[in-house]
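All of these numbers come straight from a predicted model, not from anything done at the bench.
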Amino acid sequence: ATAQQNAGTQAEMTQKQATATAMKQKQRVQSKQQQHTKARFQQQQKQQQREQQQALLYLQNQQAQELELQQYLQHQKAQSAEAASATAQQNAGTQAEMTQKQATATAMKQKQRVQSKQQQHTKARFQQQQKQQQREQQQALLYLQNQQAQELELQQYLQHQKAQSAEAASATAQQNA
């Protein structure tokens, strides 16, 4: 009877050690998961800050270009007005109209070029953001798959430890019997 009690106590201790080892392993896995999640979150925040800064710089650049375009248009209007005045004094009103039309056409071409560049930049930025989102989704999927594999491995380890403990208890009980 004492031998069976000793065998039972031995099996319980083996089971407790296996469970404690498994719990420590699980805590390490969870700690790594938390660290990875925190690092990923910080990385995403930094990426968002960079994107916001880029967007802000882009808008500032666009505003500067628009201001430059407005100044150019005002300059062209002023030149056209001066030319129209001089031409009117010389009885050549058609010359002023031609100058105004040319200035307007030049300004419109400049505006179209600026708009085209804006559209190209916006499209490129959108495509870049889509690619970034796809990369992040793929990384998240791989991370989840890795976590599932680790959990499966941990479950298998625990089952193995339980089976070994049960075998050890059975063998000890048979030896003591």
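Atoms CZ and NZ, on Arg28 and Lys26 in that order, are 13.5 Å from each other to the nearest 0.5 Å. To the nearest 0.5 Å, atoms CD (Gln48) and CD (Gln43) are separated by 11.5 Å. Considering CD of Gln115 and NZ of Lys117, their distance stands at 13.0 Å, rounded to 0.5 Å.
Counting only heavy atoms from C-beta outward, the side chains of Gln120 and Ser116 approach each other to under 4.5 Å.
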Taking distance alone, no hydrogens or angles, what donor-acceptor pairs closer than 3.5 Å link side-chain atoms of residues 52-71 to residues at least two apart or in another chain?
unit_1 : atom_1 : unit_2 : atom_2 : d
Gln54  : OE1    : Arg125 : NH2    : 3.4
Tyr58  : OH     : Gln118 : O      : 3.2

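Across Ala107 and Leu73, no two heavy atoms sit closer than the pair CB-CD2, 2.5 Å.
Among residue pairs with one or both ends in residues 13-22, those qualifying as side-chain hydrogen bond (donor to acceptor under 3.5 Å, both in side chains) are Gln15-Thr19, Gln15-Ser165; sequence neighbours excluded. Sorted by first and then second residue, the ring-ring contact (aromatic ring centres under 6.0 Å, His included) pairs involving residues 148-174 (not counting sequence neighbours) form an empty list.
Paired with Gln132 under the rule side-chain hydrogen bond (donor to acceptor under 3.5 Å, both in side chains), one option of Gln134, Gln129, Glu136 passes, and it is Glu136.
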